[in-house]
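Numbers for residues simply follow the sequence, beginning at 1. Each ligand, and each atom within it, is numbered from 1 in the order the structure gives.
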Amino acid sequence: MLASLEARYPGLAFAWPRPGVLEITFRGEKLNAMPPALHRGLARVWRDLEAVEGVRAVLLRGEGGVFSAGGSFGLIEEMRASHEALMRVFWEARDLVLGPLNFPRPVVAAVEKVAVGAGLALALAADIAVVGKGARLLDGHLRLGVAAGDHAVLLWPLLVGMAKAKYHLLLNEPLTGEEAERLGLVALAVEEEQVYEKALEVATRLAKGPKEALSLTKHALNNWFRTFMPHFEVSLALEFLGFQGKELEEGLRALREKRKPQF
Ligand SMILES: C/C=C/C(=O)SCCNC(=O)CCNC(=O)[C@H](O)C(C)(C)COP(=O)(O)OP(=O)(O)OC[C@H]1O[C@@H](n2cnc3c(N)ncnc32)[C@H](O)[C@@H]1OP(=O)(O)O
């Protein structure tokens with residue numbers, strides 16, 4: 001079963017590090033940025049996981065301890081090239097957040113170093129994120145010249161309050177893992193070299209918990225997010241308008257040239 005999932009989803013590897021804990025390791029480009037096939041896989045895999053026997057918790061990690069710098073430059077170029085691609089990635093971006101949120105078993109993310117853009121969306125959509133104290137967490141969209149949409153407008157105000165959400169999103173201000181824990185954006189920040197062990201410990205505890213009661217508790221807690229779902233989809237649409245806009249051209253060029261954008 002896992003081998004067929006690996007064949008179906010390039011860039012994803014599956015393992016059972018403990019009974020009941022399904023580990024998904026994803027491998028992308030530099031800083032684990034997500035090329036189109038990986039972005040699609042991380043959005044779609046959740047439906048197939050429901051058919052895998054014995055999953056009691058999912059542990060999600062990026063290869064090499066880097067979680068992810070978000071959508072790859074190639075993915076963004078693809079979105080710029082046609083409305084068809086833009087719409088396809090729009091639905092993927094929605095499922096990248098809703099997949100882990102709606103998955104019936106608890107999901108734990110292990111973020112050692114970097115979570116930006118869609119990478120941060122994925123980490124925050126997990127039920128429990130364990131991050132390195134020095135990890136760099138950044139929404140990142142405004143630097144690119146598009147609106148901070150996807151997960152951020154749904155999750156940040158609920159997790160850290162509107163004032164801090166506006167400060168970090170409007171100024172595109174990064175957070176360390178330690179700051180993110182203090183603000184309540186993530187559950188746990190530990191030393192970088194302890195992130196995986198801690199995340200595995202949390203996932204193992206969850207896998208030993210009462211399966212049905214945990215699932216119902218997750219469902220009930222996520223009703224909070226579901227209340228805000230219309231905002232999420234509208235914000236995602238506003239973000240995606242920018243992927244074919246003028247400001248993105250400068251944002252993308254500046255990123256590639258490693259300089260500050262001049263908007
Ligand atoms: C639907 C999708 C939505 C989205 O996810 S939109 C958001 C897309 N992601 C971004 O905008 C993030 C872009 N990257 C960054 O802002 C920075 O990077 C970081 C803050 C993540 C890290 O900064 P630093 O430590 O200074 O590293 P570095 O020199 O900028 O990057 C190291 C290497 O990684 C490559 N890289 C970084 N991000 C991406 C990416 N998103 N796609 C492809 N490659 C990427 C660079 O080019 C470079 O490569 P080389 O070593 O060859 O110079």
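- A salt bridge is absent between Glu193 and Lys133; no separation between the charged side-chain nitrogens and carboxylate oxygens falls under 4.0 Å.
- Phe243 and Phe240 have their aromatic ring centers within a separation under 6.0 angstrom.
- Remark: aromatic rings of Phe67 and Phe26 are close, center separation under 6.0 Å.
- Between Glu78 and Arg88, at least one side-chain nitrogen of the basic residue sits less than 4.0 Å from a carboxylate oxygen of the acidic one, meeting the salt-bridge criterion.
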Would you mind listing each N/O atom of ligand 1 next to any protein N/O under 3.5 Å, plus the distance?
| from | atom 1 | to | atom 2 | distance (Å) |
| --- | --- | --- | --- | --- |
| ligand 1 | 5 (O) | Gly71 | N | 2.8 |
| ligand 1 | 5 (O) | Ala118 | N | 2.9 |
| ligand 1 | 9 (N) | Ala69 | O | 2.9 |
| ligand 1 | 25 (O) | Arg136 | NH1 | 3.2 |
| ligand 1 | 25 (O) | Arg136 | NH2 | 2.8 |
| ligand 1 | 29 (O) | Lys258 | NZ | 2.7 |
| ligand 1 | 41 (N) | Gly71 | O | 3.0 |
| ligand 1 | 42 (N) | Phe73 | N | 3.0 |
| ligand 1 | 51 (O) | Lys30 | NZ | 3.4 |
| ligand 1 | 52 (O) | Lys30 | NZ | 2.5 |
| ligand 1 | 53 (O) | Lys258 | NZ | 2.8 |

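- Remark: Arg182 engages no residue in a salt bridge (charged side-chain N to carboxylate O under 4.0 Å, His left out) (not counting sequence neighbours).
- The closest donor-acceptor contact from the side chain of Thr25 to the backbone of Arg61 lies at 3.5 Å or more, if one exists at all.
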